[in-house]
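Have a look at the structure below before the remarks.
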Amino acid sequence: MSSSEQAHTIRPRRSALYMPGSNARALEKAKGLDVDVLLLDLEDAVAPDAKEMARVQVCEAVAGGGYGHRELVIRINGMKTPWGHDDLKAAVAAKPDAVLLPKVESLADIQPVADYLAEQGAESVRIWAMLETPGAILNASEIAEAAKDPHNRLDVFIIGTNDLSKESGAKILPGRAALMPWLMTFLATARVGGADILDGVYNNFSDLEGFAEECQQGADMGLDGKTLIHPKQLPACNSAFAPSAEEVAWATKIIAEFEQPENQDKGAVQVDGKMVERLHADIGRKTVAIAEAIKRHVNA
């Protein structure tokens with residue numbers, strides 16, 4: 001597949017901003033933000049006595065449109081809570097791009113929702129899953145297999161670092177050393193399942209330097225983007241999870257070299273004094289495709 005063809009199958013998910021469903025002003029303001037994904041929250045960010053009001057506001061906002069290229073995802077309450085089923089029913093009627101399921105630990109948390117979406121004929125609504133508990137770590141292979149099944153329409157995983165810290169007792173310190181084995185386990189889960197994966201939030205939204213460092217860490221790990229709690233975090237996040245001009249230029253050069261007639265059958269070639277393998281050309285095509293997809297969405 002060429003870079004151009006890949007660009008039309010890739011959806012940029014550099015930045016995913018949580019928006020409290022109970023805040024009507026924030027839902028309206030989000031229409032003008034430079035963000036790839038809006039996570040319209042009915043769960044953690046909404047008090048119990050505001051759940052029903054938030055559900056109505058979010059679903060009316062989604063159904064009303066006006067969000068342009070931004071991917072709209074409704075995070076519903078867990079299906080075992082008093083609000084989960086009504087959240088799912090209302091979300092399906094509003095037709096967001098996806099519903100986000102909290103605290104997914106096994107296929108049993110995914111399949112009933114997938115079955116319901118199929119029964120309702122909601123073909124355009126996908127499923128995203130929060131990985132945020134020790135149970136998700138222990139059942140990572142099962143969750144990965146669930147993502148392979150097209151029926152489950154599982155496109156994206158989001159790491160819930162705050163809940164992971166709470167339930168494990170591991171502290172979130174600079175560098176996140178205590179969490180790193182679990183973060184990489186979840187990355188492997190996504191890659192085996194063919195899903196994208198987004199990093200957890202950075203709680204101190206006033207610390208933009210520390211936030212930028214954690215964004216770069218996530219990008220270096222291979223994550224596809226990061227979840228955010230404040231619009232001021234958007235510029236650093238979008239920058240970190242987008243290929244740089246230098247990376248795109250290098251990728252383009254490698255691709256061009258392997259496309260030369262004399263290199264069509266070679267497994268490795270020299271580019272600017274460096275030995276590169278054909279796999280680097282494949283990586284390069286994805287890099288260029290991501291850059292093209294971002295440009296297309298920004299200009300949409």
Side-chain angles (χ1 to χ4, degrees), residues 11 13 16 18 21 37-45 51 55 58-59 62 71-164 166-168 182-201 223-225 227:
R11 188 150 192 177
R13 291 168 176 142
Y18 284 107
V37 181
L38 291 170
L39 302 172
L40 308 177
D41 196 11
L42 303 180
E43 196 214 13
D44 282 350
K51 295 284 190 186
R55 180 192 303 136
V58 163
C59 291
V62 171
E71 201 165 5
L72 301 181
V73 180
I74 298 177
R75 179 162 74 166
I76 66 175
N77 288 278
M79 299 305 289
K80 295 179 182 179
T81 71
W83 311 283
H85 287 279
D86 287 339
D87 286 351
L88 180 60
K89 182 178 179 180
V92 169
K95 297 182 180 178
D97 292 291
V99 292
L100 174 57
L101 309 181
K103 296 179 175 59
V104 167
E105 296 187 328
S106 69
L107 175 61
D109 297 318
I110 301 164
Q111 197 163 44
V113 177
D115 291 345
Y116 179 78
L117 293 177
E119 290 165 5
Q120 297 301 309
E123 296 304 322
S124 65
V125 181
R126 311 298 295 175
I127 293 176
W128 292 22
M130 297 289 303
L131 303 182
E132 51 189 341
T133 65
I137 298 168
L138 295 180
N139 293 328
S141 59
E142 179 181 335
I143 296 170
E145 289 301 314
K148 288 182 180 180
D149 186 346
H151 173 75
N152 293 324
R153 58 182 79 190
L154 187 53
D155 284 354
V156 178
F157 295 127
I158 294 179
I159 303 173
T161 43
N162 283 336
D163 276 281
L164 196 57
K166 173 188 173 184
E167 297 205 17
S168 67
W182 305 331
L183 300 181
M184 297 308 293
T185 294
F186 289 150
L187 174 66
T189 303
R191 298 302 177 239
V192 170
D196 280 355
I197 183 163
L198 308 183
D199 202 355
V201 300
L223 301 173
D224 298 294
T227 49

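Values in this document were obtained by computation on a predicted structure and should not be read as measured data.
For the atom pair Asp44 CG and Asn162 CG, the distance stands at 9.0 Å (nearest 0.5 Å). Considering CG of Leu198 and CZ of Phe157, their distance stands at 11.0 Å, rounded to 0.5 Å.
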Report task. Please assess Lys51 against Asp86 for the test salt bridge (Lys or Arg N to Asp or Glu O under 4.0 Å), listing each intermediate value before the final yes or no. Result -> CA-CA 10 Å; Lys51 295 284 190 186; Asp86 287 339; over 6 Å; no
Requested in this report: Mind running side-chain contact (heavy atoms from CB on, under 4.5 Å) on Lys103 and Lys80 for me, showing each step along the way?
Outcome: CA-CA 11 Å; Lys103 296 179 175 59; Lys80 295 179 182 179; over 6 Å; no
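Side-chain contact between Ile74 and Ile76 is present, with at least one heavy-atom pair separated by less than 4.5 Å. Between Leu39 and Ile158, the closest side-chain pair of non-hydrogen atoms falls below 4.5 Å. Using a 4.5 Å heavy-atom cutoff, the side chains of Arg75 and Met130 are in contact. The shortest side-chain heavy-atom distance between Thr161 and Leu183 falls under the 4.5 Å cut-off. Side chains of Tyr18 and Val201 form a contact here, defined as non-hydrogen atoms less than 4.5 Å apart. Under the 4.5 Å side-chain criterion, counting only non-hydrogen atoms from C-beta, Leu164 is in contact with Ile137. Looking only at side-chain heavy atoms (C-beta outward), Thr81 and Glu43 stay at 4.5 Å or farther from each other. Ile127 is not listed as a side-chain neighbour of Asn152, based on a closest heavy-atom distance of 4.5 Å or more.
Across every non-hydrogen atom of Lys95 and Val125, the tightest pair is CA-CG2, 4.2 Å. Closest heavy-atom contact between Ala94 and Cys59: CB-O, 3.6 Å. Across all their heavy atoms, Glu142 and Ala108 have their closest contact at OE2-N, 4.5 Å. Between Ile143 and Leu154 the shortest heavy-atom distance is O-CD2, 4.4 Å. A pairwise comparison of heavy atoms in Pro112 and Leu107 identifies CD-O, 4.2 Å as the closest pair. The minimum heavy-atom distance between Pro102 and Gly78, with the atom names listed, is CG-N, 3.6 Å.
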Solution key, residues 184-195 side-chain donor-acceptor pairs under 3.5 Å, sequence neighbours excluded:
from   : atom 1 : to     : atom 2 : distance (Å)
Thr185 : OG1    : Pro181 : O      : 2.9
Thr189 : OG1    : Thr185 : O      : 2.8
Arg191 : NH1    : Ala195 : O      : 3.2
Arg191 : NH1    : Asp224 : OD2    : 3.2
Arg191 : NH2    : Gly222 : O      : 2.6
Arg191 : NH2    : Asp224 : OD1    : 3.4
Arg191 : NH2    : Asp224 : OD2    : 3.2

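Counting only residues at least two apart or on different chains, the side chain to side chain donor-acceptor pair (under 3.5 Å) pairs with a member in residues 121-140 are Glu105-Thr133, Arg126-Asp155. Listed by first and then second residue, the side chain to side chain donor-acceptor pair (under 3.5 Å) pairs that reach into residues 106-118 are Asp115-His151, sequence neighbours excluded.
Here the side chain of Asn77 pairs a donor or acceptor atom with the backbone of Leu42 at under 3.5 angstrom.
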